[in-house]
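Just so we're clear, the structure is a prediction, and the values are computed from it rather than from any experiment. All ligand and atom numbering here is 1-based and tracks the order in the structure.
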Amino acid sequence: MINYNEAIEIIKSEISKIKLNLEEVDIFESYNRILAEDVIADVDLPPFDNSAVDGYAIKFSNRNQWNIIGEISAGNYSSFNLTENDAVLIATGSKLPENADTVIPIEDVNVNGNNLQLKQNITIKKGINIRTQGNDLRINEIALKQFTKIDSKSIAVLASCGKEKVKVYSKLKSALLSTGNELIPINEKPAEDKFRVSNIYSLYTAMKEMNHTVINLGFTKDDKALIRNKVGAALEMNIDILITTGGVSVGKYDFLKEIFAELGVQEKFWKVNIKPGKPIYFGVYESDNRIILVFGLPGNPVSSLVNFYVFIKPAIDYLYRQNSLNKFTAILQNDLKKKDEKRHFSRGVLYIENDELKVTSEFSQSSGNLVEMSRANCLIEIEESRLNPKKGEKVKCILI
Ligand code: AMP
Ligand code: MG
């Protein structure tokens with residue numbers, strides 16, 4: 001059985017074969033999309049020398065008194081040719097008059113009619129309170145780099161560069177199919193030996209959280225012919241990723257692996273030395289110059305979602321060159337049981353106390369406990385060789 005690191009490398013090398021398409025979106029639709037080109041400044045930013053404060057623009061000299069000859073407010077420029085004797089009232093962001101090289105903040109002066117006087121004990125330096133043209137960015141320089149994820153900060157740069165339309169990478173298209181004789185729709189009350197199909201909802205949402213497209217193929221019984229039809233049809237769809245759940249272990253009704261092989265999916269690995277989520281299958285389906293990554297996840301809702309967080313999400317981030325800041329080192333607040341040499345992804349609650357990151361993990365860690373998982377905000381990642389981490393030790397946490 002391969003280890004986690006080997007498995008993730010295999011997935012990364014396969015996912016990088018997916019050719020990302022480009023599309024143009026309206027700037028308002030660009031939130032959370034990934035830039036597909038460098039954005040180049042078409043103007044200097046700021047476009048002209050302007051005042052950083054409300055104050056008086058002067059031509060610097062040793063004097064401490066001036067004659068106020070006019071005013072400039074934002075967006076209302078008028079031309080003044082300042083001598084050392086002159087001052088112009090100027091508002092924040094307003095273009096500086098010719099010859100002005102310094103702005104005295106309004107708080108530092110006394111005004112009497114047209115007379116402007118520096119307050120006692122105030123000294124000024126040449127050049128203060130001016131934002132010079134192009135100081136933020138020069139025309140033709142790169143304002144935002146390709147692969148930037150658009151957020152409230154970067155969108156302001158797009159706007160300042162006049163990008164009404166933004167070139168972004170297309171979203172991935174994925175499809176989702178659950179399998180299991182025990183599954184019933186969520187609008188039914190489970191009788192006897194049935195479970196509501198929760199998996200579809202968690203994986204659908206996990207894909208949506210990453211801002212990708214998901215087609216819900218529903219769920220099907222553990223009937224080989226039925227599943228084969230559904231998977232076969234899915235592989236004909238225009239998708240990049242197929243995710244199935246259930247039927248990938250070693251039970252009598254676990255048909256998925258066989259079906260994938262029959263349909264021409266090339267197995268890259270089956271089973272990884274981790275807990276939970278060990279039975280994960282990964283393969284690729286190639287036809288007509290396109291590739292579909294196939295993830296056969298275990299049916300267990302906790303396992304399949306953990307598989308998503310530790311395999312599928314990092315692989316997609318890798319494809320779109322996103323460096324997710326979602327790993328933290330925290331101090332463990334309780335002993336954790338780990339007797340085997342698998343890599344564990346235990347559910348935990350990460351929090352801050354006295355400016356320190358701490359993590360508790362007082363859950364049963366049973367991979368059947370969905371509600372427990374819903375209360376966790378991180379996975380505590382314990383490497384293969386590490387056994388029984390103790391309270392007070394540092395552990396790696398992945399935000400989920
Ligand atoms: P399997 O991987 O098919 O052996 O499934 C393991 C267990 O996970 C099953 O016994 C069910 O309890 C549960 N399960 C399987 N599929 C789903 C699903 N789609 N939604 C919720 N629970 C599921
Ligand atoms: Mg099953």
Side-chain angles (χ1 to χ4, degrees), residues 1 7 174-209 214-231 233-234 239 241-263 265 267 269-283 294-313 342 344-347 363-376 379 400:
M1 197 177 355
S174 61
L176 194 55
L177 174 69
S178 275
T179 67
N181 283 333
E182 71 277 34
L183 304 178
I184 55 162
I186 63 168
N187 60 1
E188 286 177 22
K189 267 243 167 77
E192 287 198 336
D193 59 344
K194 302 289 190 259
F195 285 102
R196 284 182 171 136
V197 57
S198 59
N199 246 327
I200 289 180
Y201 297 89
S202 53
L203 294 165
Y204 185 92
T205 304
M207 266 294 178
K208 287 285 179 189
E209 281 173 347
V214 207
I215 301 162
N216 174 18
L217 300 175
F219 64 96
T220 181
K221 295 253 177 267
D222 288 321
D223 172 315
K224 193 171 169 189
L226 249 169
I227 301 176
R228 196 176 191 281
N229 271 346
K230 290 246 181 176
V231 172
I239 55 172
I241 295 179
L242 172 64
I243 301 174
T244 65
T245 69
V248 81
S249 202
V250 290
K252 188 174 163 197
Y253 298 101
D254 290 338
F255 301 125
L256 264 299
K257 249 171 59 67
E258 266 170 68
I259 291 171
F260 291 144
E262 288 170 20
L263 291 170
V265 180
E267 180 179 321
F269 62 74
W270 177 48
K271 289 189 177 170
V272 182
N273 188 29
I274 57 168
K275 188 180 176 183
K278 180 177 92 174
I280 181 174
Y281 165 99
F282 174 63
V294 178
F295 293 92
L297 309 184
N300 185 303
V302 171
S303 308
S304 58
L305 196 51
V306 168
N307 278 166
F308 185 92
Y309 293 137
V310 305
F311 291 111
I312 302 178
K313 182 175 189 303
K342 291 180 183 147
H344 283 212
F345 296 98
S346 307
R347 274 71 68 210
F363 298 145
S364 71
Q365 301 299 343
S366 152
S367 57
N369 283 0
L370 252 189
V371 177
E372 274 191 353
M373 174 131 188
S374 75
R375 292 177 184 147
L379 297 174
I400 56 171

Of all the non-hydrogen atoms in the protein, which one sits nearest to [atom], and at what distance?
| atom | value |
| --- | --- |
| atom 6 (C) of ligand 1 | Asn300 N, 3.7 Å |
| atom 23 (C) of ligand 1 | Gly299 O, 3.3 Å |
| atom 21 (C) of ligand 1 | Ser198 OG, 3.2 Å |

Please report the closest heavy-atom contact between [X] and [Y], naming both atoms and the distance.
| X | Y | answer |
| --- | --- | --- |
| Val248 | Trp270 | O-NE1, 2.8 Å |
| Thr245 | Ser178 | OG1-OG, 2.8 Å |
| Phe308 | Met207 | CZ-N, 3.9 Å |
| Ala7 | Phe311 | CB-CE2, 3.7 Å |

Between [X] and ligand 1, find which residue part has any heavy-atom pair under 4.0 Å and reply side chain, backbone, both or neither.
| X | answer |
| --- | --- |
| Arg196 | backbone |
| Leu183 | side chain |
| Ser249 | neither |

inquiry  = Quiz question: by atom type and distance under 3.5 Å, do the side chains of Asn199 and Ser304 form a donor-acceptor pair?
reply    =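 Distance-only check passes for Asn199 and Ser304.
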key: For Gly247, the ligand 1 atoms whose distance to one of its heavy atoms is below 4.0 Å   =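 Matching atoms, with element in brackets: 3 (O).
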key: Geometric N/O contact Ser178 with ligand 1, under 3.5 angstrom   =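 Ser178 vs ligand 1: N/O contact under 3.5 Å present.
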